[in-house]
Amino acid sequence: MDKLIRENIKNLNAYKVDAPQYEIIVNANESPYDFPMVLKRKFCDEICNTDLNRYPEACFPELLTELHAYTGVPEEGIICGSGSDELIAMINQAFVNPGDVIVSHSPSFAMYDIWATIADARHIRVDDLPEHVPDIDTMIAEACEHNAKLLYMCNPNNPTGYTFSREEIIKVLDAVPSLVILDEAYIEFFGKSGVDLIKFYPRLLILRTLSKAFGLAGIRCGYALGNKSIIDILYKVKGPYNLNVLTQKLAVIALKNRDTILRNLEIFKAEREKAMAFLKALNAFKIYPSGSNFIYFEAPQAEAIYEALIKKDILIKYFKESDRQPGSIRFSMGKPQENQKILAIIKEVVYNEA
Ligand SMILES: *Cc1c(COP(=O)(O)O)cnc(C)c1O
């Protein structure tokens, strides 16, 4: 096999992880609220009236209608994928040759690097400046010097919560020759989308997902917004039936009922502010501002906090200390009672270690 496999795939680890089994799970920025039961029933009714022996719509017309209504982007400027994950893969397939350069800020979303590796690209990860402010000037310099094909800006950023200003996004768009991918997975929590820039910048591609604010990580539905010229290229590499009929039906129901579903946003924001204030009052961590549904902080006690929470059947995301950054923690907002529980345990660890 060693002779058959591509060199760049050899050292990749397969993503074979079991779904976590904990009482409280806040490690993956999912919504703690399941899809409303009335809407699940509606979905079941629709499925009962759907011929599952037939292939689904190849280009998800109903979904495009709803996404146009939600985002304001013309349907010809939208494409869907099995999670934004698949869209990142498609972007690499369509634009990146082996050896091409991809630029991103770091730390950021792990999938940019994995798909870059699979494409055998050279991924330049530009370390953040102090305070986890992305080093935009260096990103621009690297993208220009190497004629980068792709440049990622994750807004708000996972895991640091950093939010790019409109001026920063425009500065990058004006300076680089690359396709600029603005990952807006958490945009509903932040509210300031770059979507209106699409008509001025043909090289801007915006990634979105139903996995976070819509609480639908289970159905795998992401979408990209851009000019027709980029979207047409992505359709060339799209698998023929990449969105199954169940996902298409459920996504349409979710978008039609978005006012109901997105009502939870206010709860998340209020919970985030409360948790932020609580953690700040402990005076023990370096806490970063968040434009998202999660909080990120650096803490000497990071590992102890992770362990204490695991013992109580709670899973958060723990980043080990490395030469690049101190130990840190990211956890997303659960239900109010879950957050209280988490915060109480964190406080206990801080007091016991003091
Ligand atoms: C969660 C997340 C996504 C969404 O991925 P899906 O494949 O759509 O579930 C995309 N980008 C970032 C930065 C994320 O954190």
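For ligands, and for the atoms within them, numbers begin at 1 and follow the listed sequence. Predicted model only: the values in this text are computed from it and were never measured.
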Q. Any ring-ring contact (aromatic ring centres under 6.0 Å, His included) pairs touching residues 68-93, not counting sequence neighbours?
A. Tyr70-Phe214
Q: May I ask you to say whether Arg122 pairs ionically with Asp100, meaning some side-chain N is under 4.0 Å from a carboxylate O?
A: no
Q) Measuring from each atom of ligand 1, which residues have a heavy atom under 4.0 Å away? A) Gly83, Ser84, Asp85, Phe109, Cys154, Asn158, Asp183, Ala185, Tyr186, Thr209, Ser211, Lys212, Arg220
Q | Nearest-0.5 Å distance that lies between atom CD1 in Ile181 and atom CG in Asn92 | A | 7.5 Å
Q: Report the relative orientation of the aromatic rings in Tyr186 and Phe189; use parallel for angles under 30°, tilted for 30 to 60°, perpendicular for over 60°.
A: tilted
Q. Would you call Lys40 and Asp34 a salt bridge, taking side-chain N to carboxylate O under 4.0 Å as the test?
A. yes
Q: Measure from the ring center of His132 to the ring center of Tyr288 and say whether it is less than 6.0 Å.
A: yes
